[in-house]
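A short write-up of the structure that comes next.
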Amino acid sequence: MRATLRTAWLMARKDLRVEWRSRVALNQILPFAAITMVLFAFAVDRLPAAPGDVDTVLVQLAPGLASLGTVFSLLLLVQRTFAVESEDGALDALRAAGVDATAVFWGKTLAMWIQLAILSALLLGTAVVIYGIEVRWSGVALLVTTWLTATFGLAAVGTLYGGLAAGARGRETLLPLLMLPVVAPVLIGATRAVEAALGTGGTAIADGWPWVGVVAVFAVAFGAGGTLAFGPLIDE
Amino acid sequence: MASLPATSTTTTPTGPPTTTGTSTKATRLLGAAAIVGIVWLAAFGLGFSPADVNQRESVRILYVHVPSAWLAYLAFFVTAVASGIYLFSKKHSLGWDRLAGASAEVGVLFMGITLVVGALWGRLTWGVFWEWDARLTSTAFMFVTYIGYLTVRRLGGSHEQRARRSAVLALLAVLEIPLVHWSVKLWRSLHQDATVLRPDGDVKMNGLMLFTLFVGVIAFTLMYMWLVIHRQRTMAAEDALDDAGLDLAIADRKAEHQ
């Protein structure tokens, strides 16, 4: 157990160090995510949600668009983190060295979680600024809980399916096919919870908490699923 | 069903080259029964059963829609069970893997038919092709999930790699589908009610209609069994061909060095 945790921590630090030195997420994925948020605005435009309403459709859609942006960024982040592993056969080397697959799963999930959490915070920040959302501060606890739970769930799923697709032919197209149907509960739950936290959907803050529950169930399910399944998936 | 993988391993066409196809006396009988069932369904579905009071003639679409939905769910259930048996049994018999794969292929085909036929029926009855109903939405997700599963089966590698990878994926789908269904259900019920008129939950069903539906389910189940048995036998043949090809290549190479 201690050894697994230690290996996981080493894996996570290794992944974060690779990102720190290469800055692929910062220089490529983050700008991609930001431009996606701008493109969403083009698709929606500043139509009033209802006659006489000061809010725009864009404000109402902002939580969903930020969640979508996060999911799209996740796809790139997963491709990146497993490209590092399959280049030069690093994943095979880890397996040959007898590194515990569970530790690899948790290490990569942790590193991905940290990167994705930063990315999605910046995305939501971008949405708040460019879509002109007025944040209500009483929803911050809900917002932070949703943010951490949702990004963890996404990171776990990303690592799990990324490990499956790693090294496979046509992995760029395989990964979205496998992953997008799975992340639907997070997309739904996070969107509704953030909506309640920001007050964009006209719902009370208390209405947001059940949705965090949905996201949390998902995070636990795929945390446990990944712990059990990652070994058999990459061990071949 | 349980004896399927065992028969498949014994019928791998490694025998004399006079083997013609994948059928046996039993499957020919099963196939004939399936054809009789479908002719029977067509006769009842298109002829003997009455038109519905509200849905009129469009009710006849349901005689295909409901059995194919049933078949698809049955197929995915068989895939999950066979994958579990493959993964957790000591023998790791590839027969279970091929059963899972064959069943998923048939399931995806019939889930596609269910969605298309259902959309046609929806247009006639509800006035729209698609309704953001929880069951519809999660069915669509299920369809895409198993397309992904079939893609993973074709990734290559050894038979054992394929079997383990796809078995794990099939079990992850069992984890995923209830979560998706649950979340979509919450999404609709908390978000907004269905906006389009739909028939009541407890539609009173004419006896002959119910009978026709019953015929459809039996006919489609027979067809499913026939398709899966044959498909997994061709899969066994493909696997055997792969192995034989490798053996031949190795034998050639050894011959070169002598």
Side-chain angles (χ1 to χ4, degrees), chain A residues 64 101 153 156-157 160-161 163-171 173-193 195-196 201-203 207-211 213-226 228-236, chain B residues 76 80 83-84 86-88 92 97 108 111 132 134 136-192:
Chain A
V157 167
L160 185 55
Y161 286 87
L164 172 65
R169 274 176 292 121
R171 59 177 169 273
T173 43
L174 177 64
L175 188 69
L177 172 64
L178 293 178
M179 227 170 66
L180 288 183
V182 182
V183 297
V186 180
L187 203 57
I188 291 173
T191 302
R192 295 286 165 263
E195 226 170 58
T203 41
D207 292 341
W209 288 103
W211 292 111
V214 174
V215 178
V217 168
F218 180 90
V220 170
F222 276 92
L228 295 174
F230 193 71
L233 274 185
I234 63 160
D235 179 39
E236 46 191 29
Chain B
F76 295 148
S83 299
Y86 172 80
L87 216 52
F88 296 112
H92 295 303
D97 165 62
V108 164
M111 190 117 277
W132 289 103
L136 257 75
T137 311
S138 49
T139 302
F141 272 100
M142 208 170 182
F143 183 55
V144 178
T145 300
Y146 281 94
I147 290 176
Y149 170 84
L150 292 181
T151 313
V152 167
R153 287 190 71 85
R154 291 192 182 83
L155 279 184
S158 72
H159 304 326
E160 282 73 22
Q161 280 173 5
R162 173 199 68 198
R164 185 168 38 201
R165 221 168 12 204
S166 51
V168 172
L169 197 63
L171 294 186
L172 284 175
V174 173
L175 181 69
E176 169 212 337
I177 287 160
L179 274 173
V180 168
H181 185 77
W182 177 56
S183 65
V184 174
K185 214 169 157 180
L186 281 175
W187 174 57
R188 275 295 104 167
S189 57
L190 290 184
H191 188 221
Q192 72 174 61

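Below, read A as the first sequence line, B as the second, and so on, with proteins coming before strands; counting in each chain starts at 1.
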Interface moiety of B/R154 toward chain A, non-hydrogen atoms closer than 4.5 Å: backbone
Heavy-atom pairs under 4.5 Å with chain A - which of B/I177, B/L87, B/L169, B/T145 has more of them than the others? B/L169
Would you mind telling me which of B/L171, B/V168, B/I147 has the largest number of heavy-atom pairs within less than 4.5 Å of chain A? B/V168
Provide the closest heavy-atom pair for [X] versus [Y] in the form atom of the first, atom of the second, distance.
X: B/L179; Y: A/F222; result: CD1-CE1, 3.8 Å
X: A/L233; Y: B/R165; result: CD2-O, 3.9 Å
X: A/L180; Y: B/F141; result: O-CE2, 4.4 Å
X: A/A221; Y: B/L175; result: O-CD2, 3.7 Å

Flag the one option from A/V157, A/V186, A/L178 with the top tally of heavy-atom pairs under 4.5 Å to chain B. A/L178
Under 4.5 Å heavy-atom distance to chain B, tell me which part of A/L160 shows up: side chain, backbone, both or neither. side chain
Between A/I188 and chain B, which part of the residue has a heavy atom less than 4.5 Å away: side chain, backbone, both or neither? side chain
When you look at B/L155 and A/L174, which way does the side-chain contact (heavy atoms from CB on, under 4.5 Å) test go after all the steps? CA-CA 10 Å; B/L155 279 184; A/L174 177 64; 3.9 Å; yes
Full working for side-chain contact (heavy atoms from CB on, under 4.5 Å) between A/T191 and B/W187: CA-CA 10 Å; A/T191 302; B/W187 174 57; over 6 Å; no
